[in-house]
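These figures come from a predicted structure and were not determined experimentally. Starting from 1, each residue takes its place in the sequence as its number.
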Amino acid sequence: MKKLSILFLFLLPLLASCEEKQVYIVYFGEHKGDKALHEIEEFHQSYLYGVKQTEEEATASLLYSYKHSINGFAALLNPDEASKLSELKEVVSVFKSNPRKYSVQTTRSWRFAGLEEEGHNVNHGFGGGRDLLKRAGYGKQVIVGLLDSGVWPESLSFRDEGMGPIPKSWKGICQNGPDFNSSHCNKKIIGARYYIKGFENYYGPLNRTEDSRSPRDKDGHGTHTASTAVGSRVKNAAALGGFARGTATGGAPLAHLAIYKVCWAIPNQEKADGNTCFEEDMLAAIDDAIGDGVHIMSISIGTREPTPLKEDGIAIGAFHALKKNIVVACAAGNEGPAPSTLSNPSPWIITVGASGVDRAFFGPLVLGNGMKIEGQTVTPYKLDKDCPLVFAADAVASNVPENVTSQCLPNSLSPRKVKGKIVLCMRGSGMRVAKGMEVKRAGGFGFILGNSQANGNDVIVDAHVLPATSVGYNDAMKILNYIRSTKNPMARIGIARTILQYRPAPVMASFTSRGPNVIHPSILKPDITAPGVNILAAWSGATAPSKLYEDKRLVRYNIISGTSMACPHVAAAAALLRAIHPEWSSAAIRSALMTTAWMKNNMGQPIADQSGNAATPFQFGSGHFRPAKAADPGLVYDASYTDYLLYLCSYGVKNVYPKFKCPAVSPSIYNFNYPSVSLPKLNGTLNITRTVTNVGASSSVYFFSARPPLGFAVKASPSVLFFNHVGQKKSFIITIKAREDSMSNGHNKGEYAFGWYTWSNGHHYVRSPMAVSLA
């Protein structure tokens with residue numbers, strides 16, 4: 001026994017050294033500015049020398065040294081080493097990289113937003129875009145950096161005809177790879193890099209058949225978002241089957257594009273199920289983008305659940321971008337309709353929700369009893385003869401769990417029960433496009449994709465591999481009732497067609513993540529909504545429109561949905577504003593977009609959710625973006641880098657910038673100068689301060705008005721603001737008071753009520769949404 005004890009003690013150091021190592025990010029905040037780049041890496045390496053047993057191990061453990069603006073490094077550490085580093089005074093945070101924490105959040109939209117040059121804008125409050133594009137020079141000399149899955153450079157959307165010279169301030173590179181070199185860059189794509197150390201550390205060497213070890217996009221998502229933001233104008237573009245045919249264009253078609261590939265195909269998994277983006281790779285990309293000289297960042301990447309600030313790589317990177325006055329737009333996430341699901345909720349990020357446009361793709365369905373149902377699809381196949389119709393739950397194999405019998409999951413359907421039939425499958429579990437593939441595998445002739453109750457009547461279209469149409473929940477129940485009431489149910493699926501000027505629009509997407517903001521409760525998020533449902537844009541030449549391995553179809557343009565698609569719309573609008581107002585801060589640009597947003601649809605009614613109920617600021621923020629209006633907002637809510645540092649002091653993060661010390665008493669977190677108001681658990685009365693800056697006429701007078709949240713009173717002091725020059729600032733106090741009869745009016749504790757307040761001079765309407773709950 002004594003020998004065993006001695007042996008165990010001898011093995012302890014060896015066991016500790018063999019303890020599983022994972023990538024941790026060690027974050028110091030901002031650089032002091034007193035070191036050269038090579039000295040910064042040596043400085044970071046010195047911390048590893050302090051916790052590793054040998055210099056060789058310390059050197060080998062370093063993945064990234066963040067040198068340009070972000071001060072930190074990513075390294076292989078065990079929990080004990082990470083804990084030792086986290087105890088150091090100069091370290092802001094140490095957090096572990098989670099391999100599945102981040103993923104991508106996956107034409108007509110610009111005309112709907114009032115920015116299209118050709119044709120006539122529909123009269124729904126979004127007009128004036130032609131003048132904006134010309135004033136902004138279509139985005140000339142503005143550089144948009146895009147973090148995503150890369151780019152397909154051969155797409156016509158990335159031609160550089162008509163592009164101006166590359167800005168002299170640009171410091172980026174065109175990084176070579178096996179199938180990507182400097183010849184793929186031009187005056188449109190002026191830079192391209194890829195970041196794979198975190199991915200390969202976790203998964204091992206990249207499988208070259210699944211992805212390209214270069215900036216090349218073999219997924220489609222990055223190409224789609226890039227062309228949505230700054231794609232060149234391409235006439236006669238269309239999805240598979242000719243759907244959505246028209247001129248494809250980015251919102252800022254003459255802006256320059258810098259690609260930062262950070263998202264990669266997950267080994268041995270369908271691309272349709274998403275990819276993965278490692279935190280350490282994204283931080284390296286953001287750090288390089290800041291150093292390269294981008295003006296705007298578009299990041300259509302998010303988390304499945306809210307992430308604490310000190311462990312949020314995108315939030316940390318974006319904070320350093322704001323010091324360089326870079327506007328960062330991010331996807332709000334696709335975890336709706338559940339509440340409190342937001343990604344990217346920090347106040348220095350423009351958080352973008354997703355809504356629809358005034359275009360539909362009607363895929364007619366006719367039941368055997370003559371009932372006609374207008375589904376939606378972008379599948380270019382039809383069944384113009386009646387076929388037997390079956391509900392998936394009645395056609396499953398014997399081993400399928402009862403709770404997913406309606407879902408058409410892989411290998412769940414019985415070929416004997418499905419062959420030659422149209423199958424009604426329900427949304428819920430599994431990929432939409434994979435459900436169609438399962439019906440085809442089982443010998444089905446077509447399928448109907450029915451929404452779950454949570455998805456309501458928000459219909460997402462896909463390019464399925466067999467005749468198919470998608471229907472809302474109410475129509476799905478009608479079809480199911482028909483099947484249940486008929487001995488031999490039949491149906492046929494007609495050819496789909498594109499419908500423009502569809503009403504009502506916009507409608508909030510069911511998938512868009514929602515507030516309240518659980519990470520920053522005093523900040524109302526999302527900030528804004530933009531087109532993110534059924535968006536046409538460029539596509540990778542290496543990926544099928546369904547992104548399924550068995551689908552061998554290839555397309556140049558594809559229609560997909562997600563807050564990923566909404567994000568580059570707002571990034572493009574920010575690029576146009578940067579071109580018109582280069583002196584504006586990133587906070588001023590965000591404010592202009594938010595305070596000019598629109599809360600009504602093209603029928604003049606409040607924007608609705610997927611079930612037809614009035615949507616709230618927890619879904620759309622300030623409303624649907626209106627780029628043309630944002631160029632002339634009248635007033636802006638500005639914020640300096642120091643203001644953000646003070647916000648962090650109030651939040652409890654005190655050592656981000658070495659040259660800044662938090663005051664003994666931090667300002668109220670509710671006084672941060674944000675263009676919206678969020679007050680959780682209000683007890684009695686609260687005064688909050690805001691400051692507006694005049695960016696309109698030199699002499700103007702603005703009057704306060706409010707539509708208070710139900711159960712609360714709102715007033716401002718002063719209630720009239722007088723300005724006599726551009727750039728003049730005026731502060732005011734808003735008093736929010738809970739009415740004594742709030743509880744008797746059915747307002748429950750913790751339940752939010754919504755309203756807004758407005759400053760107007762008769763020409764400008766500077767509106768801010770409010771969300772307030774009772775303690």
Check the surroundings of atom [atom1] in [X]: do more than 12 heavy atoms from other residues, nucleotides or ligands lie under 6.0 Å from it?
X      : atom1 : value
Glu305 : CD    : no
Glu550 : CD    : no
Tyr549 : OH    : no
Lys168 : NZ    : no

Between the main-chain N or O of [Y] and the side-chain N or O of [X], is there a donor-acceptor pair closer than 3.5 Å?
X      : Y      : value
Arg100 : Asn98  : no
Ser182 : Cys174 : no
Ser513 : Glu335 : yes
Asp217 : Trp152 : no
Asn558 : Pro545 : yes

Check ion pair [X]-[Y] (N to O, under 4.0 angstrom):
X      : Y      : result
Arg213 : Glu200 : yes
Glu279 : Lys96  : no
Lys271 : Asp273 : no
Lys218 : Glu210 : no
Asp527 : Arg590 : no
Asp211 : Lys261 : yes

Side chains of [X] and [Y]: closer than 4.5 Å at any heavy-atom pair?
X      : Y      : answer
Asp312 : Phe95  : no
Ser212 : Tyr194 : no
His520 : Leu309 : yes
Glu41  : Lys67  : yes

ring-ring contact (aromatic ring centres under 6.0 Å, His included) between Phe28 and Phe43, intermediate numbers included: CA-CA 11 Å; Phe28 296 94; Phe43 168 73; 5.7 Å; yes
Parallel, tilted or perpendicular: ring planes of Phe278 versus Tyr202, cut at 30 and 60 degrees: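 Tilted: the ring planes of Phe278 and Tyr202 meet at 30° to 60°.
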Ring geometry between Tyr47 and Phe73 (parallel below 30°, tilted from 30 to 60°, perpendicular above 60°):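 The rings of Phe73 and Tyr47 sit tilted, inter-plane angle from 30° to 60°.
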Cysteines Cys567 and Cys330 with SG distance under 2.5 Å: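 Looking at Cys330 and Cys567, their sulfur gamma atoms do not lie closer than 2.5 Å, so the answer is no.
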Test item: side-chain donor near acceptor, Tyr64 and Asp281, under 3.5 Å: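 A donor-acceptor contact under 3.5 Å links the two side chains.
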Exercise: do Asn325 and His295 side chains pair donor with acceptor under 3.5 Å: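 There is no such pair (donor and acceptor under 3.5 Å, judged by atom type) between the side chains of Asn325 and His295.
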Contact list for residues 553-579, test salt bridge (charged side-chain N to carboxylate O under 4.0 Å, His left out), sequence neighbours left out: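 Listed by first then second residue: Asp551-Arg553.
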Between Tyr657 and Tyr641, ring centroids under 6.0 Å: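 They qualify: ring centres under 6.0 Å apart.
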His221/Asp148 under side-chain hydrogen bond (donor to acceptor under 3.5 Å, both in side chains): CA gap, chis, key distance, verdict: CA-CA 7 Å; His221 190 277; Asp148 213 297; 2.7 Å; yes
Interatomic distance, Ile70 atom CD1 to Leu283 atom CG [nearest 0.5 angstrom]: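 With rounding to 0.5 Å, CD1 (Ile70) is 5.0 Å from CG (Leu283).
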